Protein chains: 2
Amino acid sequence: MVGRPAVPEVIWARPERAGRGPKPAFSRADIADAAVRIADAEGIDAVSMRKVAAELGCGTMSLYNYVPRKEDLYELMVDRVSAAYELPEHPSGDWRADLVALAHQTRALMHRHTWVPRLMSPVYGFSPNALRFLEYALSCLDGLDARFGEKMELIAMVNGMVTTYVSNEIATAERSRSLPWSEEQEQAARTGYLISQIMTGKYPRMAAAFAEDSGPIDLDGVFDRALDRVLDSFERSAS
Amino acid sequence: MVGRPAVPEVIWARPERAGRGPKPAFSRADIADAAVRIADAEGIDAVSMRKVAAELGCGTMSLYNYVPRKEDLYELMVDRVSAAYELPEHPSGDWRADLVALAHQTRALMHRHTWVPRLMSPVYGFSPNALRFLEYALSCLDGLDARFGEKMELIAMVNGMVTTYVSNEIATAERSRSLPWSEEQEQAARTGYLISQIMTGKYPRMAAAFAEDSGPIDLDGVFDRALDRVLDSFERSAS
DNA sequence: ACCTCACTACGTACGGTGTACGTAACTAGG
DNA sequence: CCTAGTTACGTACACCGTACGTAGTGAGGT
């Protein structure tokens, strides 16, 4: 009982303000905002403890008073932008519509902050806003006669599907955007190589796929269709 | 015409063996194997140019003769393990069964090499084995009356869904495995905090979800069911 | 046969990273 | 008021990706 496990603390478990010493100069929100600002502007790889500290105007190591490890900084960031979820007090009663609305919010959030999919990947966090989200999503499914495990499965499936789709959307969007020279050449090299491979005739179907005039792609439509399919199939298996 | 764009080359475009100088000491397969060995044993974050070079028994900078950038090393790794795909000469004619079999291969591959989901995330590579995979997957769908764009959508959806699920499986598996002390305490702290939050009564449904005796979870069943749903919905919308 | 030059090999060095540790200043509870 | 816990932060270490320069090697063209 001498020392609580000091090393592997969960950041949400420690209070923002400790009682004793001088009052902290920054709040968690301040720190998360600074990191989010950097990530939005320069990408998630540009987020380093030094840069965040500089953005805040404090010494690098001062950050470690607030954020024990960099991984925790990521959790702070995701939780911070997740505060933007607008969750009604009570679901509408139409669980499908509610889940679709929720998925649209997630998608919009990821488009506003394109680094979110990368950070979401590993494990569910249990940040305040993550708990808020999960509880609300479960409440949307109150009318459903299913075990909680199945409901969690559905929520995970929808979230995973959204993450997958938005990741692809972001990747293709970055492809067509004006890129810093080097990346543009990089892309040219990639497609050039791809064409050369297709030219060999070893991949006739891929050749046809690339030759196909697909017209303007309706990303929103693709997304909604896929989401509908997932919900369809769940509804059918649940009934 | 003086200098081809030297910087942003695609690794698959340059021949393994250049005609002129002394013959290379290693093949791409050697290098990829070394990196895969490290990633399997110590995780993907332990894969560094120095470590791979040491594993091969050569100087760090010698690696750069074979691998222009670290990102290319990752491509080599994914392609190398993707060689394990056993793709029949001709699909069976039952596209659903073929796609299910393919998904099972992907899942098994990712369980053998748990770092693959992390590396797959960003964009489709066009490595030899990726092309082989895509061409075969398209050939499975030859009988379907759909545009190539839609077929690619389906393939992407299945792959994304597999990646999402296996990522979760791996995460939960690592949770229950015997962990290096620190990580075990880390987990204890996480669940401890989660319980304390649930105890507050602010999240009644999550509390119920955790209280629910879900019995032994059949991961294979969950996976197959989810996969079936995705294919179901596509079949219906295609018919 | 030889010359030449692309290619291989690799040591050194630079700028970046996360973060352990030690020290000094500060402030709220006893 | 005193003291103990907090905050602030400079220094330092180990590690990373990789630019650059140099030396050696061996196949191609002549």
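These numbers were taken from a predicted model, which means no experiment stands behind them.
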Between B/Arg132 and B/Tyr85, is NZ or CZ placed under 6.0 angstrom from the six-membered ring centre and within 45° of the ring axis? no

Check B/Arg28 with B/Asp72, please: is the shortest side-chain N to carboxylate O separation under 4.0 Å? no

What's the NZ-P distance between A/Lys51 and C/dG16, to the nearest Å? 8 Å

Which class fits the ring pair A/Phe223 and A/His104: parallel under 30°, tilted 30 to 60°, perpendicular over 60°? tilted

Between P of D/dC13 and CE of A/Met61, the distance in whole Å: 14 Å

Report yes if a side-chain nitrogen or oxygen of B/Ser62 is closer than 4.0 Å to either non-bridging phosphate oxygen (OP1 or OP2) of C/dC10; otherwise report no. yes

Name the closest nucleotide to the A/Ala25 side chain, picking from C/dA9, D/dA8, C/dT19. D/dA8

What is the distance, rounded to the nearest whole Å, between atom NZ of B/Lys70 and atom P of C/dT17? 16 Å

Between B/Arg28 (CZ) and C/dT8 (P), how many Å, whole number? 11 Å

To the nearest Å, give me how far apart CZ (A/Arg69) and P (C/dT17) are. 20 Å

DNA chain D: 5'-proximal contact among A/Arg50 and A/Asn65 (nearest heavy atom): A/Asn65

Quick check: closest heavy atoms across B/Phe126 and B/Trp12, and the distance to 0.1 Å? O-CD1, 4.2 Å

With heavy atoms under 4.0 Å as the rule, sort A/Phe26 into base, sugar-phosphate or nothing. nothing

On DNA chain C, does the nearest nucleotide to A/Pro22 precede the nearest nucleotide to B/Thr60 from the 5' side, or the other way round? Give the residue. B/Thr60

Closest to the A/Met49 side chain, choosing from C/dT19, D/dG17, C/dT8: C/dT19

Using whole Å, report how far CG of B/Leu63 lies from P of D/dA19. 14 Å

Whole angstrom value for the distance that separates P of C/dT8 from NZ of B/Lys23: 13 Å

Rounded to whole Å, the CG-C1' distance (A/Asp72 to C/dT19) equals 13 Å

Evaluation steps, side chain to side chain contact (heavy atoms under 4.5 Å, CB included), between B/Leu63 and B/Leu56: CA-CA 9 Å; B/Leu63 249 192; B/Leu56 286 168; 4.0 Å; yes

Quick one: label B/Ser48 by what it contacts on the DNA or RNA (base, sugar-phosphate, nothing), any heavy atom closer than 4.0 Å. sugar-phosphate

Within the structure, does a side-chain N or O atom of A/Tyr64 lie under 4.0 Å from either OP1 or OP2 of C/dG18? no

